[in-house]
Amino acid sequence: MADMRLIVAGAGGRMGRALVRAIAETGDAVLAGALEAPGSELIGKDAAVLAGLPASGIEVSADLWSLSANADGILDFTVPAATIANVAVAAERGLVHVIGTTGLSASDMAVIRSVTSRTAVVQSGNMSLGVNLLAALVKRMAQSLDESFDIEILEMHHRAKIDAPSGTALMLGQAAADGRKIGLDERAVRGRDGLTGARKAGDIGFASLRGGSVSGDHSVIFAGPYERITLSHHAEDRMIFAHGALKAAKWARGKAPGLYSMADVLGLGV
Ligand SMILES: NC(=O)C1=CN([C@@H]2O[C@H](COP(=O)(O)OP(=O)(O)OC[C@H]3O[C@@H](n4cnc5c(N)ncnc54)[C@H](OP(=O)(O)O)[C@@H]3O)[C@@H](O)[C@H]2O)C=CC1
Ligand SMILES: O=C(O)C1=N[C@H](C(=O)O)C[C@H](O)C1
């Protein structure tokens, strides 16, 4: 099979640059396009040079429709509005769409689901092997421990992150809720302040810290009577997310249209 031709959306961002490097490190994928928003000062710049590599001849563009005429997939780590705009083009062109963007609302997810009859989409708040394994463990723990164990999820990220709780924290919360067979929306407590009253049994709490250059730390705490279990993951380099996204794109190539998760890609069966 020919090398997979991939467009990186948000090519000038932290993840975009990591993705361009990840593509350069693998043998069976090539960078076919680099996307940034119209008006970005990066338009026309060489995407590989932005990523700290030798020039590739792939210049940053704001025109996904033209770029996608000769591509197989798009790796999208941008902002929700951009991802939702890209979804329509990817579906029209039949491109594999790997969505790493977080902060997606319920209505954004409904738009994404609406195109999955036309193309393969892999969407996950975290593309690393470690976090997806962690999610499977959290679900298992939540199945085993009853509501006498309070579940609290703590995350810390770099100072530039714009959404909270992180996509990963929400994914871990969903895994805990699935394990307990409860709805996350009904039981999530997202940040506490002031005279909150006592914690309700069965709630799933979230707390977010921001600062420095932290790539992504997540802990799920099961706090029971006189004992506490903490499961943690520490991302030490965002290349783990980039390589995960690349793996997802290659896995989804030729798959039937549908919405897939990283658990599907990694064969974790959760
Ligand atoms: N699922 C996962 O494994 C991971 C997910 N993420 C998520 O990925 C997203 C990006 O993170 P990060 O790279 O740190 O953020 P950055 O802000 O560094 O990068 C986002 C990039 O997208 C660009 N952008 C904005 N609008 C558009 C548009 N309309 N078209 C194309 N590009 C656009 C931004 O440009 P400008 O700066 O000009 O606005 C910027 O270059 C976040 O939602 C983050 O949470 C991050 C790591 C792992
Ligand atoms: O913005 C980030 O940096 C990250 N975002 C994702 C999230 O919201 O969970 C994944 C990772 O933690 C890094």
Side-chain angles (χ1 to χ4, degrees), residues 7-22 33-43 45 47 50-51 60-65 67-68 74-90 97-105 108 121-132 134-135 153-175 206 208-220 232-249 261-263 265-266:
I7 297 165
V8 173
R14 282 173 290 274
M15 274 305 298
R17 292 172 202 232
L19 288 160
V20 170
R21 287 198 296 279
L35 187 73
E36 274 289 337
S40 165
E41 60 186 21
L42 301 180
I43 304 296
K45 298 213 183 305
L50 288 176
V60 176
S61 158
D63 183 359
L64 180 57
W65 184 250
L67 289 179
S68 58
I74 172 166
L75 306 176
D76 189 335
F77 290 68
T78 53
V79 291
T83 293
I84 293 308
N86 296 341
V87 151
V89 178
H97 195 176
V98 176
I99 300 177
T101 307
T102 58
L104 296 165
S105 65
D108 292 335
V121 176
V122 183
Q123 185 272 330
S124 177
N126 196 303
M127 303 275 173
S128 75
L129 171 64
V131 158
N132 283 279
L134 175 64
I153 301 176
L154 175 66
E155 53 106 343
M156 180 161 187
H157 283 85
H158 53 93
R159 60 168 69 100
K161 186 162 178 61
I162 60 171
D163 57 308
S166 68
T168 308
L170 293 171
M171 182 178 141
L172 294 169
Q174 188 61 59
F206 292 86
S208 299
L209 309 180
R210 295 288 175 265
S213 56
V214 180
S215 294
D217 286 354
H218 293 89
S219 292
V220 182
S232 296
H233 179 269
H234 303 279
E236 294 173 357
D237 192 310
R238 24 182 88 76
M239 288 304 282
I240 61 172
F241 312 127
H243 282 295
L246 209 43
K247 189 180 194 116
S261 68
M262 275 311 279
V265 174
L266 298 168

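Atoms within a ligand are numbered from 1 in the order they appear, just like the ligands themselves. Side chains are part of it too, since the values below use all heavy atoms of this structure and drop only hydrogens, waters and symmetry mates. Since we're looking at a predicted model, the values are computed, not measured.
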**Q** Just let me know how His158 lines up against ligand 2, side chain, backbone, both or neither, with a heavy-atom cut-off below 4.0 Å.
**A**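 Looking at His158 and ligand 2, just side chain atoms fall under 4.0 Å.
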**Q** Would you check if the side chain of Glu155 reaches a backbone N or O of Ala169 as a donor-acceptor pair within less than 3.5 Å?
**A**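 Here the side-chain-to-backbone pair does not exist.
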**Q** On a heavy-atom basis, I'd like to know which of Met15, His157, Arg14 is closest to atom 47 (C) of ligand 1.
**A**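 When every heavy atom of Met15, His157, Arg14 is considered, Met15 comes closest to atom 47 (C) of ligand 1.
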**Q** To check you understand the geometry: which heavy-atom pair defines the closest contact between His97 and Ala90, and what is its length?
**A**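 Heavy atoms only, the tightest pair is ND1-CB, 3.8 Å.
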**Q** What closest approach, in Å, do Gly125 and Thr168 show between heavy atoms, and which atom pair accounts for it?
**A**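 Looks like O-OG1, 3.3 Å.
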**Q** Between the side chains of Thr83 and Asn86, does any donor sit under 3.5 Å from an acceptor?
**A**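 Thr83 vs Asn86: no donor-acceptor pair found between side chains.
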**Q** What I'd like to find out is whether the side chain of Leu64 reaches to under 4.5 Å of the side chain of Ile74, using heavy atoms alone.
**A**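 Counting from C-beta outward, Leu64 and Ile74 do come under 4.5 Å.
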**Q** Identify, for atom 1 (O) of ligand 2, the protein heavy atom at the shortest distance, and state residue, atom and that distance.
**A**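 The protein heavy atom lying closest is Lys161 NZ, 2.9 Å.
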**Q** Any atoms of ligand 2 less than 4.0 Å from a non-hydrogen atom of Ser166? List them with their elements.
**A**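 That gives atoms 7 (C), 8 (O), 9 (O) of ligand 2.
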**Q** Please write down residue, atom name and distance for the protein heavy atom closest to atom 21 (C) of ligand 1.
**A**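 The closest one turns out to be Gly10 CA, 3.8 Å.
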**Q** For Val60 and Leu42, which heavy atoms make the closest approach, and how far apart are they?
**A**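 Scanning both residues, the minimum pair turns out to be CB-O, 3.3 Å.
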**Q** Report the distance from atom CG of Asn126 to atom CE of Met262, rounding to the nearest 0.5 Å.
**A**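 CE of Met262 is found 8.5 Å from CG of Asn126.
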**Q** When you measure from atom 3 (O) of ligand 1 to every protein heavy atom, which one gives the shortest distance, and what is it?
**A**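 Answer for atom 3 (O) of ligand 1: Met127 N, 2.8 Å.
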**Q** Within the structure, is a non-hydrogen atom of Arg238 found at a distance of less than 4.0 Å from ligand 1?
**A**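 Judged by the 4.0 Å heavy-atom criterion, Arg238 does not count as contacting ligand 1.
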**Q** Among protein heavy atoms, which sits nearest to atom 5 (C) of ligand 1, and what does the distance come to when rounded to 0.1 Å?
**A**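 Nearest protein contact, heavy atoms only, for atom 5 (C) of ligand 1 is Gly100 O, 3.0 Å.
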**Q** Closer than 4.0 Å to some heavy atom of Lys161 - which atoms of ligand 1 meet that?
**A**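 The atoms of ligand 1 under 4.0 Å from a heavy atom of Lys161 are 45 (O).
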**Q** Can you see which heavy atom on Phe77 is nearest to which on Gly100, and at what distance?
**A**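 So the minimum-distance heavy-atom pair works out to CE2-CA, 3.7 Å.
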**Q** When you measure from atom 39 (O) of ligand 1 to the protein, is at least one non-hydrogen atom found at a distance under 4.0 Å?
**A**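 So far as the 4.0 Å threshold goes, atom 39 (O) of ligand 1 is out of reach of every protein heavy atom.
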**Q** For atom 36 (P) of ligand 1, grab the closest protein heavy atom and report residue, atom and distance to one decimal in Å.
**A**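 Nearest protein contact, heavy atoms only, for atom 36 (P) of ligand 1 is Glu36 OE1, 4.2 Å.
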**Q** Identify the closest protein heavy atom to atom 29 (N) of ligand 1: which residue and atom is it, and at what distance?
**A**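 Looking at atom 29 (N) of ligand 1, the protein heavy atom closest to it is Ala82 CB, 3.3 Å.
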**Q** Report, in ascending order of atom number, the atoms of ligand 1 lying under 4.0 Å from any heavy atom of Val79.
**A**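 That gives atoms 25 (C), 26 (N) of ligand 1.
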**Q** Can you tell me which residue and heavy atom of the protein come closest to atom 4 (C) of ligand 1, and the distance to 0.1 Å?
**A**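 Of every protein heavy atom, Phe77 CE2, 3.4 Å lies nearest to atom 4 (C) of ligand 1.
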**Q** Out of all atoms in ligand 2, which are within 4.0 Å of some heavy atom of His157? Include the element for each.
**A**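 So the atoms of ligand 2 that pass are 2 (C), 3 (O), 4 (C), 11 (C), 12 (O), 13 (C).
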**Q** Could you list the atoms of ligand 2 found under 4.0 angstrom from a heavy atom of His218?
**A**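 Those qualifying, in numeric order: 12 (O).
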**Q** Any atoms of ligand 1 less than 4.0 Å from a non-hydrogen atom of Gly12? List them with their elements.
**A**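 Every atom of ligand 1 under 4.0 Å from some heavy atom of Gly12: 41 (O).
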**Q** Would Gly167 count as a polar contact of ligand 2, with the cut-off being nitrogen or oxygen pairs under 3.5 Å?
**A**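 N/O-N/O distance under 3.5 Å: yes.
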**Q** So, is Arg238 polar-close to ligand 2, with some N/O to N/O distance under 3.5 Å?
**A**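 Among all N and O atoms of Arg238, none is under 3.5 Å from an N or O of ligand 2.
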**Q** For atom 42 (C) of ligand 1, which of Leu50, Leu42, Thr78 has the closest heavy atom?
**A**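 Result: the heavy atom closest to atom 42 (C) of ligand 1 is in Thr78.
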**Q** Of the non-hydrogen atoms in Asp163 and Gly103, which two are nearest, and what is the gap between them?
**A**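 So the minimum-distance heavy-atom pair works out to OD2-N, 3.5 Å.
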**Q** With the threshold set at under 4.0 angstrom, would you say Glu41 reaches ligand 1 through any of its heavy atoms?
**A**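 So Glu41 does not count as touching ligand 1.
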**Q** Can you sort out which atoms of ligand 2 are near Gly125, meaning under 4.0 Å from one of its heavy atoms?
**A**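 Answer, ordered by atom number: 6 (C), 7 (C), 9 (O), 10 (C).
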**Q** So which bit of Ala37 gets within less than 4.0 Å of ligand 1, heavy atoms only: side chain, backbone, both or neither?
**A**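 It is both backbone and side chain that touch ligand 1.
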**Q** Does the protein put any heavy atom within less than 4.0 Å of atom 26 (N) of ligand 1?
**A**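 Answer yes: something from the protein, a heavy atom, is under 4.0 Å.
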**Q** Out of His233, His234, His157, which one pairs with His218 under the ring-ring contact (aromatic ring centres under 6.0 Å, His included) rule?
**A**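 In the set His233, His234, His157, the residue that makes a ring-ring contact (aromatic ring centres under 6.0 Å, His included) with His218 is His157.
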**Q** Quick check on contacts: which atoms of ligand 1 are under 4.0 angstrom from a heavy atom of Thr101?
**A**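 Taking each heavy atom of Thr101 in turn, ligand 1 has 43 (O) under 4.0 Å.
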**Q** Does atom NZ of Lys45 have more than 12 heavy-atom neighbours, drawn from other residues, nucleotides or ligands, at distances under 6.0 Å?
**A**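 No.
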**Q** What protein heavy atom is closest to atom 19 (O) of ligand 1, reported as residue, atom name and distance in Å?
**A**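 Looking only at protein heavy atoms, the one closest to atom 19 (O) of ligand 1 is Gly13 CA, 3.4 Å.
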**Q** Given that the side chain starts at C-beta and the backbone is N, CA, C, O, which of these parts of Met171 lies under 4.0 Å from ligand 2, counting heavy atoms, or is it both or neither?
**A**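 Neither; no heavy atom under 4.0 Å.
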**Q** Out of curiosity, Leu75 CG to Ile99 CD1, how far, rounded to the nearest 0.5 Å?
**A**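 Rounded to the nearest 0.5 Å, the CG-CD1 separation comes out at 11.0 Å.
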**Q** Could you tell me which non-hydrogen atom of Ala175 sits nearest to which non-hydrogen atom of Ala135, and how far apart they are?
**A**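 That closest heavy-atom pairing would be CB-O, 3.4 Å.
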**Q** Just go through Pro38, Ser166, Ala235, Ser124 and tell me whose heavy atom is the nearest to atom 1 (N) of ligand 1.
**A**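 It is Ser124 whose heavy atom sits nearest to atom 1 (N) of ligand 1.
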**Q** Below 4.0 Å from any atom of ligand 2, is there a heavy atom belonging to Met127?
**A**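 Met127 does not count as a contact of ligand 2 under the 4.0 Å cut-off.
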**Q** What do we get for Ser215 next to ligand 2 when only non-hydrogen atoms under 4.0 Å count, side chain, backbone, both or neither?
**A**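 Contact part for Ser215 vs ligand 2: backbone (N, CA, C, O).
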**Q** Are any of the heavy atoms in Gly103 under 4.0 Å away from ligand 1?
**A**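 So Gly103 does not count as touching ligand 1.
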**Q** Any atom of ligand 1 sitting under 4.0 Å from a heavy atom of Gly167?
**A**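 In this structure, Gly167 fails to qualify as a contact of ligand 1 - no heavy atom is under 4.0 Å.
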**Q** Once rounded to the nearest 0.5 Å, what's the spacing between atom CE of Met127 and atom CZ of Arg238?
**A**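 So the CE of Met127 and the CZ of Arg238 are separated by 15.0 Å.
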**Q** Considering only non-hydrogen protein atoms, determine which one is nearest to atom 43 (O) of ligand 1 and report residue, atom name and distance to 0.1 Å.
**A**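 Protein heavy atom at minimum distance: Thr102 N, 3.0 Å.
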**Q** Give the atom numbers and elements of ligand 2 that come within less than 4.0 Å of a heavy atom of Thr168.
**A**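 Counting atoms of ligand 2 from 1, those under 4.0 Å from Thr168 are 7 (C), 9 (O), 10 (C), 12 (O).
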